[in-house]
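What follows is one structure encoded as structure tokens, with my remarks underneath.
One-based numbering along the sequence shown. A quick note: this is a predicted structure, and the numbers were derived from the prediction, not measured.
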Amino acid sequence: MTDANELTVRLRAEADLPRCVEALAGVQAADRYPVDWPADPAGWLTPHGMTDAWVVVAGADVVGHMALTPPGLALATATGLPERRLLAVARLFVSTCARRRGVAALLLDRAIETGAARGQTPVLEVETAASAAIGLYERAGWRHVGTSTADWTTADWTTADGRLARMRAYVAPAVPLNSSRSNRS
């Protein structure tokens with residue numbers, strides 16, 4: 001039997017998607033992430049080009065999610081590194097019931113470990129108004145490398161009031177800061 005307080009990080013399985021969507025619905029209701037609920041939430045959690053997706057589980061519950069994707073030109077430009085040397089963190093969220101338990105830090109550590117194994121540096125973007133997420137990334141050692149206005153017109157990169165989002169770009173530290181936090185798969 002798995003203790004519901006024990007956190008386990010593992011690759012996302014297809015069977016996890018309904019629980020991921022359920023957790024995302026709670027996050028969207030609380031935080032408006034994503035700003036607009038996707039028509040296909042399971043598809044949204046599986047972005048084009050995704051190389052991996054990881055979940056954090058507590059008992060039978062998915063309490064955190066992260067996808068890894070190619071970074072795209074904007075992130076590569078912000079870092080000054082070629083796209084092939086980067087790995088983007090995407091679709092990162094923690095369910096409202098699991099906040100302040102280190103779930104996001106576990107996922108960020110997994111991104112750093114995965115990137116290191118592939119010879120890639122993890123990067124991410126976050127909307128400038130997401131102060132809690134920005135604080136988390138900076139406490140975890142991620143380095144802010146630039147801020148720009150999103151040049152996309154998709155719902156993913158607009159704010160709740162319809163403006164193009166201002167995005168902060170971050171580069172991961174060379175080593176995870178929280179590598180001893182929890183059970184890892």
Side-chain angles (χ1 to χ4, degrees), residues 7-76 78 83-84 86-99 103-104 106-115 117-118 120 122-130 132-133 136-137 148-170 172 185:
L7 300 175
T8 302
V9 181
R10 63 173 171 72
L11 282 169
R12 185 185 82 193
E14 189 70 25
D16 292 324
L17 277 170
R19 292 180 293 153
C20 292
V21 169
E22 182 180 320
L24 181 64
V27 169
Q28 204 272 342
D31 303 327
R32 298 242 19 223
Y33 177 78
V35 171
D36 295 310
W37 185 251
D40 175 11
W44 186 85
L45 290 170
T46 310
H48 178 73
M50 182 182 83
T51 60
D52 304 278
W54 296 88
V55 292
V56 176
V57 294
D61 297 325
V62 171
V63 297
H65 180 276
M66 170 187 71
L68 299 175
T69 68
L73 185 58
L75 271 171
E83 287 181 63
R84 71 181 184 286
L86 301 174
L87 183 65
V89 172
R91 310 309 197 240
L92 173 64
F93 65 88
V94 174
S95 67
T96 56
C97 67
R99 302 230 171 126
V103 173
L106 289 169
L107 290 165
L108 292 172
D109 284 354
R110 186 53 56 109
I112 294 166
E113 293 162 0
T114 301
R118 295 177 183 169
Q120 295 176 305
V123 293
L124 60 80
E125 287 182 305
V126 61
E127 209 272 321
T128 57
L136 166 76
Y137 302 142
S148 62
T149 300
D151 58 357
W152 306 275
T153 57
T154 65
D156 285 354
W157 300 112
T158 57
T159 61
D161 62 3
R163 292 178 291 112
L164 284 177
R166 294 277 299 155
M167 304 301 290
R168 292 175 61 96
Y170 284 86
S185 300

If you take all heavy atoms of [X] and [Y], which pair is closest and at what distance?
{"X": "Glu83", "Y": "Ala76", "answer": "CG-CB, 3.4 Å"}
{"X": "Ala169", "Y": "Leu75", "answer": "CB-CD2, 3.9 Å"}
{"X": "Ala88", "Y": "Pro71", "answer": "CB-CA, 3.6 Å"}
{"X": "Phe93", "Y": "Cys20", "answer": "CZ-O, 3.6 Å"}
{"X": "Gly26", "Y": "Thr96", "answer": "O-CG2, 3.9 Å"}
{"X": "Leu92", "Y": "Tyr33", "answer": "O-CE2, 3.7 Å"}

Mind checking what makes side chain to side chain contact (heavy atoms under 4.5 Å, CB included) contact with [X], not counting sequence neighbours?
{"X": "Thr46", "value": "Arg12, Leu17, Met50"}
{"X": "Leu136", "value": "Ala104, Leu108, Arg139"}
{"X": "Thr51", "value": "Leu68, Leu87, Arg118"}

Are [X] and [Y] close enough that some pair of their side-chain heavy atoms sits under 4.5 Å apart?
{"X": "Tyr170", "Y": "Val123", "result": "no"}
{"X": "Met167", "Y": "Glu127", "result": "yes"}
{"X": "Val21", "Y": "Trp44", "result": "no"}

[X] [atom1] to [Y] [atom2] distance, which is reported to the nearest 0.5 Å:
{"X": "Asp61", "Y": "Leu7", "atom1": "CG", "atom2": "CG", "value": "11.0 Å"}
{"X": "Arg166", "Y": "Thr149", "atom1": "CZ", "atom2": "OG1", "value": "4.0 Å"}
{"X": "Met66", "Y": "Thr114", "atom1": "CE", "atom2": "OG1", "value": "6.0 Å"}
{"X": "Ser95", "Y": "Arg19", "atom1": "OG", "atom2": "CZ", "value": "12.0 Å"}
{"X": "Leu86", "Y": "Leu124", "atom1": "CG", "atom2": "CG", "value": "11.5 Å"}

- Query: Are the side chain of Arg91 and the backbone of His65 linked by a donor-acceptor contact shorter than 3.5 Å?
  - Reply: no
- Could you tell me whether a side-chain N or O of Gln28 sits under 3.5 Å from a main-chain N or O of Val35, the two making a donor and an acceptor? yes
- List the steps, then state whether side-chain contact (heavy atoms from CB on, under 4.5 Å) holds for Val27 with Arg99. CA-CA 11 Å; Val27 169; Arg99 302 230 171 126; 3.8 Å; yes
- When you check the gap from the basic side-chain N to the acidic O, do Asp16 and Arg10 get nearer than 4.0 Å? yes
